[in-house]
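Worksheet for the structure shown next.
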Amino acid sequence: SRLASINSQTTLIMATPSAGVWRRAEAAVADAGFRAPLPRQRSFSSRALVPRSGGSGVAAPSRWLPVNLPAPEASPSPRPGWQVIERWKEKSSVGGVEPVSGCSALVKTLRKALRTPVGSQKTPQSFWRRAAFRGGQLADFLSPEETCEVLTTLADARLQWEGDVSSTKGLRRFAAHSTVELGSYSPAQVGELAWAMARLGFQDEELLQAFSRSVEHTIKADRGRLSNESACLLLASYRKTRVLDEAVMKNLSRFLCRRLVREPLTPQQTAGVIAAYADLRARDMGLFNATTLALCRPHAVETLNWGELAEVVLAYASLRLHSSTLFSRVRLRLYESAGIVPQDEADLGAAPGDDRAAGGVAALEVLPSRAEVAANLWDQLLEPAPPPPPVQLSQQAVARFLEAHVHLGRVSERDLLPLLPHLSHPADARPGAELASLLVMALSKGGHVWPWLWRRAAIAFAPDRKLAPHSLLSLTEALRLHLVRLEPVLEEVSKSSGSSSSRELSPSPVLDALRPEVWGAEVLSVPRLPTAGPHFRTIAGSLTGLWAHAMAHCRALSDVDLQHLVVAAPGLLAAQAKMARALGDGDPAAAALHRAGAMAAWRIGTEAARRRAVGEEQLAALLVPCGLSSSAAAVAGRDRHSHVFAPSKKRKEK
């Protein structure tokens, strides 16, 4: 009945559209149950509707009057998936989490999961993998700030995404969305995003290219918005991902040179720039000159901690760069940490090649005599270990300082003097394999025979340490150099073996004549020197461990590395034979050394014969000194080759 009345009223309205009729129509509509007032619309035709022929009653209007119904609220995003974010907001609680401006509840939830109370278990990796997957699904709806916050939180949680399909897919979606929307990121957000991806270890080719284009555009057209922190963060990201983009490095170098002069970086930021360019092998002389001037400012070196200072020194040394002013300040700090007072400016170090005579002509180097060399060796064998340092450095910092000395070739006694207390009294009871290997290289190149330091260096040859192929070759050459350095002492000990036991070695009569004040009355009255014997046995144990490593890993060497080992092994075998004679035939260390050398020579020879990597002459030079036959090794190598690699008859037929 209401509908019929509305139809009749509507017909009248459309027939005579006057103001009074409009008011009556509005009243009728309000009586019919529609509370909202109708807007006045005069767009309808003023002609009356004529009923169809044959029909009865009033004809229905061709168009209904519009009704002002409440419209649905507009969604913030027309795409599907926004409801998921709304559910995240409803379920999340802000308790215990700092409010984040402009970030969604997803970020707050992840931050809350990252902060575990004391005594409770950490959030499992399954949660973070699921969070990475869900975050990737919502990547299109997140702002740049939210994207950076989510990825930074995942990096802080140390997300283990490798091997997991869902989290990898989520990170790929993050990378794809960031690649498209990187133009809307600020320079600070670009640096934060790059650092988060670098910490996660996730490399996407398109995203890296987008990073490079963004950095180049920012430096060329918008470098005023790029802060020092963001530039250092971008550089650290490239360093961590081990990606060298020459165009980006060149642009960043120019930018950093301007900033180092006009708006100086902090010493910590300068150290990070130096380490990044050194790790990426970008040898930019202009940038390193600017960083050297920045670090030579007052109190710049003193502001750095020992780890940062060691990184700076190693970065310069790895690129074969040397600054006398900078390195003298570093050595002064090392002297203070070791509790040693430098005697003169020469103790603080000078640039290589600066040792010249007063007239400007290079001073001629006077080689010491054999007796002087032997006297120096005996002095070092009797020299006690230095006292513990007042300031203990970390093992990693000491290893970096020592590696810098090895790179620059500055391994004399004066160069290593501030490091000796830290090397003899390390922070850890057992030095790492890296520090032990560097110590062997430094001692062999410098010609040092300190027994208390070689005992710590012998850890590099322990059976539980795995040696890389280049480390195996380097240590082989280092031990050969050390045995060559010990030849004067070994010869004197071998000559005096007739009057004393082979295990109890006597001092040299030449040393008694040259430097009698070194020994003293008590030492001269005893015809034996208990220091040389333990040192020889330490070297013998190191050689035995080296041959064991060579036997175990010679098959994993490449053909080139195997050829180098075959060439280097005969020299080491000849040098160790002299030490075995000094120890005596009845010494267990000498017998074990001879047996280990012969077994390693046979194993290396058969492997070289199997691969046909060397000729007959090189194979004979390796095996004949050990009493082995090169022809037998060649036959054994061919038999081993046919047994291991020859296909069977069934496989050939198949």
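Please read these numbers as outputs of a predicted model, since none were measured by experiment.
Expressed to the nearest 0.5 Å, how far OG1 of Thr270 lies from CG of Leu256 amounts to 9.0 Å. Taking OG of Ser437 as the reference point, atom CG of Leu472 lies at 10.5 Å (rounded to 0.5 Å). Leu293 contributes atom CG, which lies 9.5 Å from atom OG1 of Thr325 (distance to the nearest 0.5 angstrom). Interatomic distance, NE2 of His594 versus CE of Met599, reported as 12.0 Å (0.5 Å rounding). Taken to the nearest 0.5 Å, the CD1 atom of Ile274 stands 6.5 Å off from the OG1 atom of Thr292. Between Leu565 atom CG and Leu557 atom CG the span is 6.5 Å, to the nearest 0.5 Å.
In this structure, Glu311 contributes its side chain and Ala271 its backbone to no donor-acceptor pair below 3.5 Å. Distance alone, capped at 3.5 Å, places no donor-acceptor pair between the Ser471 side chain and the Leu467 backbone. Trp454 contributes no side-chain N or O that, together with a main-chain N or O of Phe536, makes up a donor-acceptor pair within less than 3.5 Å. At least one donor-acceptor pair closer than 3.5 Å links the side chain of Thr291 to the backbone N or O of Phe288. Not a single donor-acceptor pair under 3.5 Å links the side chain of Arg242 to the backbone N or O of Leu280. Of the possible donor and acceptor atoms, none in the side chain of Arg410 sits under 3.5 Å from a partner among the backbone N and O of His405. Side-chain N or O atoms of His422 include none that pairs as donor or acceptor with a backbone N or O of Pro388 at under 3.5 Å. Under a 3.5 Å cut-off, the side chain of Arg400 and the backbone N or O of Val312 do not form any donor-acceptor pair. No side-chain donor-acceptor contact under 3.5 Å links Glu403 to the backbone of Leu314.
Looking at heavy atoms from C-beta onward, Leu381 lies in side-chain contact with Pro451 at the 4.5 angstrom threshold. Contact check for Arg297 versus Pro267: no side-chain heavy atoms found under the 4.5 Å cut-off. Taking 4.5 Å as the limit, some side-chain heavy atom of Met579 sits within range of a side-chain heavy atom of Leu483. Within the 4.5 Å cutoff, side-chain heavy atoms of Phe401 are placed close to those of Val330. A 4.5 Å side-chain heavy-atom check between Met551 and Ile604 finds every atom pair outside the cut-off. Inter-residue side-chain proximity for Val273 and Cys232 is flagged as met; some heavy-atom pair is nearer than 4.5 Å. Side-chain contact between Leu619 and Val566: absent, with no pair of heavy atoms (C-beta onward) separated by less than 4.5 Å. Residues Thr303 and Gln268 have side chains in contact (heavy-atom distance under 4.5 Å, counting atoms from C-beta outward).
The existence of a salt bridge linking Arg333 and Glu336 is excluded, since no basic side-chain nitrogen approaches an acidic carboxylate oxygen closer than 4.0 Å. With respect to Arg610 and Glu607, a salt bridge is recorded, a charged nitrogen being found less than 4.0 Å from a carboxylate O.
Scanning all heavy atoms of the two residues, the minimum distance from Ala278 to Ala315 falls at CB-CB, 3.4 Å. Minimum heavy-atom separation, Ala582 to Leu490: CB-CD2, 3.8 Å. The nearest pair of heavy atoms linking Ala338 to Pro421 is CB-CG, 3.9 Å. In terms of heavy atoms, Ala601 sits closest to Leu573 at CB-CD1, 4.3 Å. Minimum heavy-atom separation, His535 to Leu486: NE2-CD1, 4.1 Å. Across Arg239 and Ala276, no two heavy atoms sit closer than the pair CD-CA, 3.6 Å.
Every residue meeting the ring-ring contact (aromatic ring centres under 6.0 Å, His included) condition with His448, not counting sequence neighbours, appears here in chain and number order: Trp450. Remark: Phe461 engages no residue in a ring-ring contact (aromatic ring centres under 6.0 Å, His included) (not counting sequence neighbours).
Residues in residues 560-580 take part in these salt bridge (charged side-chain N to carboxylate O under 4.0 Å, His left out) pairs, two or more places apart or across chains: Glu487-Lys578.
Summarising the local packing, CE of Met249 is surrounded by more than 12 heavy atoms from other residues, nucleotides or ligands at distances under 6.0 Å. Atom NE2 of His482 sits in a crowded spot, with more than 12 heavy atoms from other residues, nucleotides or ligands closer than 6.0 Å. Within 6.0 Å of atom CZ in Arg283, more than 12 heavy atoms from other residues, nucleotides or ligands are found, so the atom counts as buried in its surroundings. Counting non-hydrogen atoms of neighbouring residues, nucleotides and ligands closer than 6.0 angstrom, the CD atom of Gln563 exceeds 12 such neighbours.
Using modelled atom types and a 3.5 Å distance limit, the side chains of Ser253 and Tyr277 yield no donor-acceptor pair. Remark: the Trp306 side chain and the Gln396 side chain contain no N/O donor-acceptor pair separated by less than 3.5 Å.
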Inset, instruction - Might you work through the side chain to side chain contact (heavy atoms under 4.5 Å, CB included) test for Leu572 and Trp547, ending with a clear yes or no? - result: CA-CA 10 Å; Leu572 183 58; Trp547 292 128; 3.6 Å; yes

Legend entry - Derivation of the side chain to side chain contact (heavy atoms under 4.5 Å, CB included) call for Leu435 and Ile459: CA-CA 9 Å; Leu435 179 57; Ile459 300 176; over 6 Å; no

Inset, instruction - With side chain to side chain contact (heavy atoms under 4.5 Å, CB included) as the test, would you mind laying out the steps for Ser412 and Asp415 before giving the verdict? - result: CA-CA 5 Å; Ser412 64; Asp415 295 328; 2.8 Å; yes

Inset, instruction - Apply side chain to side chain contact (heavy atoms under 4.5 Å, CB included) to the pair Leu562 and Arg555, showing each step before the final yes or no. - result: CA-CA 9 Å; Leu562 185 61; Arg555 193 168 183 180; over 6 Å; no

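In this structure, the ring of Phe327 has its center less than 6.0 angstrom from the ring center of His322. Separation of the His470 and His564 ring centroids does not fall under the 6.0 Å cut-off.
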